> 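The structure under discussion is supplied below as C-alpha cells; questions concerning it will follow.
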There are 2 protein chains.
Amino acid sequence: MSATRPLTEEAIVSAALAVIERDGVESLSMRALSRELAVSPMAAYYYVKSKEDLLDLVAERVLAGIAPPARPDLEWPARLRLLVDQIEAALRHHRGIGDVLLDRMHNTQRHVMRAIMELLSEAGFDDQDVVMAYALIHTYLFGRYRVTTQPPPKPSPPLGGEGPTEDEDIVARIRPLFPKLRGRDYYDFGIETLVQGLQRQLELKRP
Amino acid sequence: MSATRPLTEEAIVSAALAVIERDGVESLSMRALSRELAVSPMAAYYYVKSKEDLLDLVAERVLAGIAPPARPDLEWPARLRLLVDQIEAALRHHRGIGDVLLDRMHNTQRHVMRAIMELLSEAGFDDQDVVMAYALIHTYLFGRYRVTTQPPPKPSPPLGGEGPTEDEDIVARIRPLFPKLRGRDYYDFGIETLVQGLQRQLELKRP
DNA sequence: ACCTGAACACCGTTCAAGT
DNA sequence: ACCTGAACACCGTTCAAGT
C-alpha cells in the first residue's frame with residue numbers, strides 16, 4: 001500500500017493500523033505488515049525492535065488524542081465519564097486494539113494513566129484506592145473488546161415456533177438477547193455501573 | 001507424564017491443565033501437549049477436533065464445581081458475591097485459564113451462566129439488564145487475569161533516595177503501588193465496586 | 001544507513017499410512 | 001479403532017550479506 005520509501009516509523013505504524021482495521025488484530029503478523037508495506041519481511045525490524053514494540057507504538061498512536069476534560073464545573077463522576085468515553089471512542093474506531101492494551105497496564109500511555117489517576121485522586125480516593133480503581137477501569141475498558149456478544153456460527157436457533165423444551169431455562173431465554181443489544185448499550189450500562197460503584201465506595205469511606 | 005494408554009479425553013484435558021499450570025497458557029501448544037502425553041503430535045486430534053475444542057473442555061473442567069450458593073437467607077448481593085468468589089477461586093487456582101474464557105462468553109459453561117443470570121433475575125433486573133449485567137461481570141472476572149500488575153523487567157527503580165524529579169507526577173507516585181497490592185486486594189475492591197454499582201442501578205429503576 | 005535472503009525454531013492442521 | 005509421519009502453510013526473530 002504505502003509506496004513511500006524509505007520507511008519511517010510513522011509509515012510502519014500506519015500500515016499496522018491499516019492491517020488491524022481491515023483484517024483484525026489477530027491477522028497482524030510481521031509478515032503481513034511487510035506485505036502491506038511492500039518490503040521484505042525483515043525491513044520493519046530496522047525501526048522497531050520487536051512485534052511487542054510495534055504494538056506499543058500502535059497503542060500510543062491510537063490513544064494520542066485522549067485528554068482530561070476541561071470542565072471544572074462538572075463533578076468527578078461526569079468528568080470521569082467524559083474521559084473514558086474518549087478512550088472508548090478510540091477503541092471503537094480501531095477495532096482490536098483494546099486487546100493489545102489489556103495486558104499492558106504498565107505500558108499504558110502515561111498521559112492516559114495520569115488523566116484517570118488525577119481525576120480519581122481529586123475525587124477523594126487515597127493512593128491505594130486510586131490503584132485499585134484504576135485497575136478496575138482499565139480491565140473493563142480494554143477487556144470489553146475481547147468479549148464477543150455475537151454467538152458462534154453454530155446452527156442458528158430456529159426462528160418462530162415455540163422451542164420444544166425448557167422454557168424455564170433462563171439461559172435459553174436470555175442468550176438470544178446478547179446479539180440484540182449494541183456495543184454502545186453494553187458500554188453505557190457497564191461504565192455507568194462502575195462509576196456508581198466507585199461513588200458508593202467513596203461515600204462509604206467518607207461518610 | 002501420563003503413561004496411561006490408550007489416551008482418553010480426560011487424560012488429554014488433565015495433561016493440558018498440567019502444561020498450563022506449569023508453563024502458562026501461552027505455552028500450551030498441541031505439540032507441547034503431545035510431549036506431555038508422550039505421544040505423537042497428532043494423537044490428541046483423534047479425541048478433540050481442534051485446539052479451540054480442547055480449550056473448551058479445559059474450561060469446562062475448571063468450572064465444573066461452581067454451584068449457586070444454597071443460602072436463601074442472604075440478600076442477592078451477598079449471594080452474588082459467594083457465587084463469583086467460587087469462580088475467582090477456580091481461576092486463581094488454574095492460572096491462565098481466565099484468558100481462555102474471556103472471549104467465549106457464549107461458550108461459558110451453561111450452569112455457570114445460569115447461576116449468575118438466575119440470581120440477577122431474582123434480584124429484580126429485567127431481561128435486558130440481566131444481559132448487560134452478566135456481560136459486565138463476565139468481562140471483569142475473566143479479564144482480570146490478563147491484566148498484569150507486575151511491572152515489566154525493565155531496570156528497576158532505585159530503592160531509597162528521593163527521585164530526582166517530578167514529585168508532582170501522580171503516575172510516578174502511584175505506579176510503584178501496583179505490585180504492592182495482592183491479587184486478592186484488586187479482586188475485593190473490583191467485585192465490591194461492581195456489586196455496589198449493580199445495587200445502585202436496581203435502586204434507580206425501582207425507587 | 002537501510003534493506004534483503006536464507007535459515008532456525010516454532011505453530012495448527014490435513015491427509016495418507018501404519019498397526 | 002487408535003495412533004504415526006510427512007507435509008503444508010504459517011509464525012517471530014537472528015544473522016550475515018547486499019547496496
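Quantities reported herein were computed from a predicted structural model and do not represent experimental measurements. Note on naming: letters A, B, ... go to the chains in the order of the sequence lines (proteins, then strands), and numbering restarts at 1 for each one. Only this structure's heavy atoms are used, side chains among them; waters, hydrogens and symmetry mates stay out.
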> Mind checking A:Met42 for me? I need base, sugar-phosphate or nothing, with any heavy atom below 4.0 Å counting as a touch.
base
> Under a 4.0 Å N-O cut-off, is there an ion pair linking A:Asp188 with A:Arg81?
yes
> Indicate whether the side chain of B:Thr139 and that of A:Arg146 have a donor and an acceptor atom separated by less than 3.5 Å.
no
> Taking the minimum atom-to-atom distance to the side chain of A:Lys51, which one of D:dT4, D:dG12, C:dT13 wins?
D:dG12
> What's the gap between C:dC15 and D:dC3 when it is taken at their C1' atoms, as a whole Å value?
14 Å
> How many angstroms lie between CD in B:Gln109 and CD1 in B:Ile66, if you round to the nearest 0.5 Å?
10.5 Å
> Distance-only, no hydrogens or angles: does the B:Ser34 side chain make a donor-acceptor pair with backbone N or O of B:Arg31 under 3.5 Å?
yes
> With a 4.0 Å cutoff (strictly under), does any side-chain N or O of B:Ser40 reach OP1 or OP2 of D:dC3?
no
> Only pairs with both distances under 3.5 Å count, Watson-Crick or wobble alike; so what is the partner of C:dT19 in this structure?
D:dA1
> Between D:dC3 and B:Tyr47, is there an OP1 or OP2 to side-chain N/O distance shorter than 4.0 Å?
yes
> Between C:dC11 atom P and A:Arg31 atom CZ, what is the distance in whole Å?
15 Å
> Given that A:Pro41 and B:Tyr45 both sit by DNA chain C, which one's nearest nucleotide is further toward the 5' end?
A:Pro41
> Among D:dG12, C:dT13, C:dT4, which nucleotide sits nearest the side chain of A:Met30?
D:dG12
> Output yes when at least one side-chain N/O atom of B:Arg35 is less than 4.0 Å from OP1 or OP2 of C:dC11, else no.
yes
> Could you please name the option among D:dT13, C:dC3, D:dC3 that lies closest to any side-chain atom of A:Leu7?
C:dC3
> Find the partner of D:dG12: check Watson-Crick (N1-N3 plus N6-O4 or O6-N4) and G-U wobble (N1-O2, O6-N3) distances, both under 3.5 Å, and reply none if neither fits.
C:dC8
> Could you state the atom-to-atom distance from CG of A:Leu28 to C1' of D:dC11 in whole Å?
12 Å
> For A:Tyr46 and C:dC3, is the shortest distance between a side-chain N/O and OP1 or OP2 below 4.0 Å?
no
> Roughly how far, to the nearest 0.5 Å, is the CD1 atom of A:Ile191 from the CG atom of A:Leu141?
5.0 Å
